[in-house]
Amino acid sequence: MNLDVDRDRLVAEIEELALISEAEPPVVTRIVFTAVDRKARAWVIARCEKAGLAVRQDPIGNMFARWTGSDASSPAVGTGSHIDAIPNAGKYDGVVGVLGGLEAIRSLQRSGFHPKHSIELLVFTSEEPTRFGIGCLGSRLLSGTMAPDAARSLVGKEGTSLEEVRGDAGFKGPLEEVKLPPGYYKAFVELHIEQGPLLERQKIPLGIVTSIAAPASMRISIEGAGGHAGGVLMPDRKDALCAGAELILAIEIAARTSGAVDTVATVGICDVFPGAVNSIPSRVHLTVDIRDTNLERRAAAMRAIEAAGKTIAMKRQVSIREELVNADVPAECAPAIAEALSQSCMKHQFAYVPMVSRAYHDSLFMARVAPAAMLFIPCRNGYSHRPDEYASPEDIARGVVVLAETLAALAA
Ligand SMILES: [Zn+2]
C-alpha cells in the first residue's frame with residue numbers, strides 16, 4: 001500500500017477549523033453545544049460527506065462518519081477524538097485526531113484500499129468538562145459508563161440542563177439510544193498530541209500508549225472554629241486552614257510514596273471561609289484530583305489520604321469530611337493494536353516509544369467496550385490547553401501515516 005498523506009490540506013483544515021472559535025485567533029474556545037460548536041460540527045460533517053462517508057449523530061451529539069466496508073455487518077474499526085476546546089485553548093488538542101483521522105481515511109481511499117470492516121471516524125461530544133463539569137460525556141454514554149439518568153440530571157454552568165441545551169442544539173432522541181451495542185467496534189484507535197514534553201525531550205516522534213491513567217476526585221470539607229485574629233490565643237485555636245495545609249502536604253506524600261511515578265495528586269482548589277485578614281479560618285473546602293494507571297495503587301493512596309485526615313482532625317480538633325465526587329477506572333491499551341501501530345512505525349523506520357497517557361481521553365471509555373489504543377505525537381514544549389499549543393506538520397503527517405496503516409491492518 002502506497003500512502004500519500006495530503007499534509008498541506010490537513011494543515012489548512014486545522015487552521016480553518018481553528019477560526020471557528022468564540023475567541024480571536026490564535027485562541028480557540030469552542031464550548032459544547034454553543035453556536036460555534038454547532039458551526040464547527042457542520043464544517044466537519046461537510047468534509048466527511050465530501051469524502052463519501054455516511055454521517056450520523058446520536059442523541060448526545062456524538063458524530064459517526066462511516067466508510068462502509070465490504071463486510072458491512074461485521075464490527076467496525078473506529079478512530080477519532082473531539083473538537084470541543086476549553087476557554088483559551090489551542091488548535092490541536094482533539095482536532096489532530098479528528099481531522100488527522102479523516103485524512104487517514106482519505107489517504108486510504110486514494111491508495112485504492114478497500115476495507116473489509118467498516119472504518120468509522122468519531123467526533124465525541126464534550127470531551128472537555130467546561131460546560132457540564134464532567135469530561136468525556138459522549139464516550140461515557142457510548143460506553144455505558146454513565147447512566148442516561150445521571151446525564152439527564154446534569155446542569156450546565158449557566159443553570160440550564162443538559163437536556164435543554166442538547167435539545168436546543170438539535171439533539172432530541174432518548175439518551176438510552178446512545179450506548180453502543182456489544183461488539184460494535186472491533187478496535188478503536190485515537191491519534192492525539194501528547195500534551196506533555198516527553199516525546200519532544202527524547203526527540204522521538206511517536207508514542208504508543210500502553211495505558212491511560214484515570215482520575216478520581218474528592219471534595220474535602222474541614223470545619224474548625226473561627227474567631228478574632230488578635231483575640232484567640234494559639235493554644236485555643238481550631239484553625240481549619242492550618243489543618244488543610246497539613247492535609248495538602250499529606251496528600252502530596254501519599255502520591256510521592258505510592259511506589260510508582262504514575263501516581264499524581266493535586267489540590268487545585270482551596271476555598272477559605274470567611275477569608276478575611278483578621279479572622280481565623282473556620283471552614284476550608286479542598287478539591288483533590290488523584291490519578292494513576294493502576295486502580296489498586298490509586299485506591300491505596302486515597303486510603304492514606306483518609307487516614308491522614310483522621311489523624312489531623314484528631315490532633316487539631318477539627319472535623320474533616322471526604323466526599324468522593326468521581327472515580328474513573330484506568331485502562332490498559334490493547335496489545336494487538338499497539339502491535340499494529342509499532343509494525344507501521346518499524347516499516348517506516350519511525351522511532352517510537354511506549355508511553356502512558358497521563359491525561360485522560362475518550363479512549364479511556366472506549367477501552368471499556370472495545371480493544372483500544374492511542375498514538376501520540378509531540379507538541380511544542382509539551383504545551384496544551386493554551387493558545388500557543390503547536391504540533392508540526394511533519395509530526396502530524398507522520399502520525400496520520402501510522403494511523404492510516406493501522407486502520408488498514410485492523411480493517412482488512
Ligand atoms: Zn483532547
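Remember, it's 1-based here, ligands and their atoms both numbered in the order they're listed. The figures here come from the full heavy-atom set of this structure, side chains too, leaving out hydrogens, waters and symmetry mates.
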Arg110, CZ atom: more than 12 neighbouring heavy atoms under 6.0 Å:
yes

Under 30°, 30 to 60°, or over 60°: which ring-plane class applies to Phe365 and Tyr360, parallel, tilted or perpendicular?
perpendicular

Ignoring hydrogens and geometry beyond distance, is a side-chain donor-acceptor pair present between Thr29 and Glu22 at under 3.5 Å?
no

Provide the protein N, O or S atoms situated under 2.8 Å from the Zn ion (ligand 1); waters are not included.
His82 NE2, Asp93 OD1, His192 NE2

Looking only at side chains, do Thr125 and Arg41 share a donor and an acceptor under 3.5 Å apart?
yes

All N/O donor-acceptor pairs, side-chain side in residues 295-306, below 3.5 Å, sequence neighbours left out:
residue, atom, partner, partner atom, Å
Glu296, OE2, Arg303, NH2, 3.1
Arg297, NE, Asp292, OD1, 3.3
Arg297, NE, Asp292, OD2, 3.1
Arg297, NH2, Asp292, OD1, 2.6
Arg297, NH2, Thr293, OG1, 3.3
Arg298, NH1, Ala214, O, 2.9
Arg298, NH1, Pro215, O, 3.4
Arg298, NH1, Asp328, O, 2.6
Arg298, NH2, Asp328, O, 2.9

Tell me whether the count of non-hydrogen atoms from other residues, nucleotides or ligands lying under 6.0 Å of NE2 in His348 goes above 12.
yes

